Each structure stands twice: as structure tokens, then as C-alpha cells.
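From a predicted model like this one, the values you see are computed outputs, not experimental measurements. Along the sequence shown, residues carry numbers from 1. For ligands, and for the atoms within them, numbers begin at 1 and follow the listed sequence.
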Amino acid sequence: MIKIAVLPGDGTGPEVVDEGLKVLNAVAQKTGIKYETQRYDFGGERYKKTGEILPDSAVEELRKFDAIYLGAIGHPDVKPGILEKGILLRLRFELDQYINLRPVKLYPGVETPLKDKGPDEIDFVVVRENTEGLYAGSGGTLKKGTLDEVAIQTSINTRKGVERCLRYAFEFTRKRNKDNTLTLCGKTNVLTFAFDLWERTFYEIGNKDYPDIKKDYAHVDATCMWMVKNPEWFDVIVTDNMFGDIITDLGAMIQGGMGIAAGGNINPEGVSMFEPIGGSAPKYTGKNVINPMAAISALQMMLFVLGEEKASDIAEKAIINVLSTKLKSLQAGKMGYSTTEVGDLICEEIAKA
Ligand code: IPM
Ligand code: MN
């Protein structure tokens with residue numbers, strides 16, 4: 001029995017999560033997977049009503065699940081940072097989900113803003129470190145609000161944190177077995193402390209334990225350039241938390257937009273959390289127009305990481321079929337179908353499989 005905690009969250013989160021769960025149900029009927037879900041209402045509305053963001057007891061409860069399925073965090077009435085830090089980042093940190101896995105894959109029939117690039121060229125995976133770097137929350141202010149104000153935000157990089165992320169990326173590259181190339185994305189020419197650690201560890205463990213994997217390096221600014229100009233050069237990219245955040249928004253755009261981009265916050269030894277990368281999209285909330293594909297892809301990734309590869313495969317084929325034969329656009333309100341209809345289309349494909 002797979003136990004899944006569901007956190008629909010804010011804005012359009014609940015709508016897209018419902019479609020993902022519909023798909024899970026369809027896949028389970030097809031494959032015989034047994035699962036149960038439990039919903040938690042953490043998010044902006046609950047915070048406004050009760051002042052509670054995420055109780056300690058909830059974090060402990062969530063540890064006991066096999067996976068967490070998250071919709072979106074962020075509410076227009078709540079100051080930016082409170083919910084993001086209090087729910088999303090807190091769960092990533094406390095559940096030690098040290099990998100953020102973000103595939104950048106252009107499916108057939110999906111429009112990309114990159115001229116002359118198609119599914120053969122846009123197919124790589126970003127492995128983002130997910131618990132350290134600038135996100136660790138180290139820093140502070142002095143003389144706040146005065147002309148002498150000082151603000152410091154420190155990037156924390158530990159040997160252990162860097163090494164476990166790099167090892168995951170090397171193993172992932174090997175398992176993916178596409179070009180067997182892992183690119184370290186950094187900034188060794190300026191961030192000479194942090195990326196010195198990353199680079200040394202990369203070659204040290206890479207040469208010793210992953211001689212079969214080709215090791216490549218690119219600065220983060222050049223990575224952005226190549227992602228647009230020659231995305232086909234990438235197989236797997238590994239990078240720190242902040243750079244990973246930034247380049248995966250660019251990645252989302254070249255794979256067709258926020259409507260399709262999914263990510264997994266992974267603790268290989270613990271409980272992982274899967275989410276569409278896009279935000280809570282307040283202006284589309286409750287209109288049945290948001291694209292649920294990213295949430296459905298996140299669900300498919302969850303099945304894969306849980307080891308349900310057949311189910312994941314069936315779901316991905318359904319996603320590909322619906323994308324290439326049905327949806328007019330991936331943008332909210334322009335799909336040619338409503339949110340719930342897109343979920344239904346996927347379920348129909350799964351039933352046919
Ligand atoms: C993401 C988001 C989050 C991040 C925000 C909402 C805190 O942008 O998942 O990429 O910066 O990690
Ligand atoms: Mn982001």
C-alpha cells in the first residue's frame with residue numbers, strides 16, 4: 001500500500017492536484033497499484049484563518065508517508081516568503097530532500113520558443129541541490145532601516161551536502177544512459193570558495209567512482225546561453241540551489257512553459273515531495289482554465305521514483321498522446337479544453353493503454 005500525503009496548497013494548486021489524483025486513480029485501476037491518500041490543508045487560507053503555517057507535528061506525520069504530492073504555495077494576501085519559507089522550504093529542509101530533480105523535456109507537438117529545436121534537441125535533466133547554498137537562510141541585517149543598513153546572505157556549501165548531490169547526479173546520469181555526460185554548472189571564476197569545493201569534489205569522486213561518465217563544466221551564465229543556443233549539448237546538469245532555481249525556470253520555458261514543468265524534491269533515503277514548478281496563479285484560480293499537465297507530470301515522476309516504473313510509463317505515454325494530438329496550447333485558458341477535461345483526456349488514454 002503506497003501512502004501519499006496530499007498538500008493541494010494555494011490558488012490553482014487544489015485544481016491541478018485533483019487532476020493528478022484522477023490520473024493516479026486511472027493508473028492504479030490499470031496496473032493494480034494500491035494506494036491511499038491523506039489531505040492536508042496547509043497554505044494561505046489556513047494561515048489567514050488560524051495563523052498556523054505548518055505545525056511541528058505535521059512535519060513528523062509527513063515523514064511517515066511514502067511520498068508527498070504538493071500543488072502550489074503562495075497567496076496574494078500573504079507577504080511573499082512566509083508560506084514559501086514556512087511550508088515549501090521547511091519541508092525540503094526538514095525532510096532532507098536534498099535533490100530537486102527537474103527534467104527539461106520537450107514533448108512532441110509542444111511549442112518551444114527556440115527556433116529549429118525540437119524534442120531531439122531539448123531533453124536533459126537538471127539536478128539541483130535542494131537544502132544548502134543561499135537557501136540555507138544564513139545571514140542577517142544590521143542597522144535595519146537606516147542609511148547604514150547592512151544585509152548579508154551567505155551561501156552555505158558543505159562537503160557532505162555537495163558530495164551527496166554530486167553522487168546522486170552521477171548515479172542518475174549512469175542510470176539514464178543517454179550521453180553519459182554530467183555537466184557541473186557553477187561560477188568558479190567568481191565564487192571561488194563555493195565552487196572550488198564543488199569542482200574539486202566533482203572531479204575527485206567523478207574520476208574515482210564514475211570513470212564511465214564524461215565530466216563537463218560550464219559557468220552558470222554560459223549554461224543559460226547554451227540552454228537557448230545548443231540545448232542538445234546537455235544530458236544531465238548538476239548545480240547548486242540558487243543556480244538550479246534560476247536555470248530551471250529557463251528550462252521550463254524551452255520545454256513549453258510552466259504548464260508542463262514538474263519537479264521532485266527527493267530524499268533518496270526518505271520521503272520525497274513532487275510538485276508542478278509553476279506557482280499558485282491567483283488570477284486563474286477557480287476558473288477551471290489552468291493547465292494541470294505539470295501536476296500530472298509530477299505525479300508521473302512520483303510513480304517513477306516510487307519504483308512503479310510500469311505505471312509511470314503508462315502515465316507518460318498518455319501525457320505524450322494528449323499533448324501531441326489534443327491540446328492547442330499549454331497556456332492557461334488557451335488549451336482548447338478546461339482543466340478537468342485535460343485530466344479526463346489523460347484518463348481516457350490510460351484506460352486505452
Ligand atoms: C521553486 C520556487 C521556490 C524556490 C520558491 C517558491 C521558494 O521558485 O521551487 O523553484 O525558489 O525554490
Ligand atoms: Mn523557482
Please tabulate, one line per pair, the protein N or O atoms found under 3.5 Å from any N or O atom of ligand 1, giving the distance to one decimal.
from	atom 1	to	atom 2	distance (Å)
ligand 1	8 (O)	D245	OD1	3.3
ligand 1	9 (O)	R92	NH2	2.7
ligand 1	9 (O)	R102	NH2	2.8
ligand 1	10 (O)	R102	NH1	3.1
ligand 1	10 (O)	R102	NH2	3.1
ligand 1	10 (O)	R128	NH1	3.3
ligand 1	10 (O)	D245	OD1	2.9
ligand 1	11 (O)	Y135	OH	2.6
ligand 1	11 (O)	D245	OD1	3.4
ligand 1	12 (O)	R92	NH1	2.8
ligand 1	12 (O)	R128	NH1	3.4
ligand 1	12 (O)	R128	NH2	2.8

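Using cut-offs of 30° and 60° on the angle between ring planes, the pair Y217 and H219 is perpendicular.
Side-chain N/O atoms of Y135 and E129 include no donor and acceptor closer than 3.5 Å. A donor-acceptor contact closer than 3.5 angstrom links the side chains of R128 and N241.
Note on I4 and L101: same hydrophobic cluster, where clusters join Ile, Leu, Val, Met, Phe, Trp and Tyr whose side-chain heavy atoms are under 4.5 Å apart, directly or indirectly.
For CD of E111, the number of neighbouring non-hydrogen atoms (other residues, nucleotides, ligands) closer than 6.0 Å is 12 at most. Within 6.0 Å of NZ on K85 lie no more than 12 heavy atoms contributed by other residues, nucleotides or ligands.
Protein N, O or S atom count below 2.8 Å of the Mn ion (ligand 2): the structure gives 1.
Residues that satisfy the side chain to side chain contact (heavy atoms under 4.5 Å, CB included) test with D313, not counting sequence neighbours, are K317.
Looking at heavy atoms from C-beta onward, N265 lies out of side-chain contact with L91 at the 4.5 angstrom threshold.
M258 belongs to a hydrophobic cluster whose remaining members, ordered by chain and number, are M253, I277; membership requires side-chain heavy atoms of ILVMFWY residues under 4.5 Å apart, directly or through intermediates.
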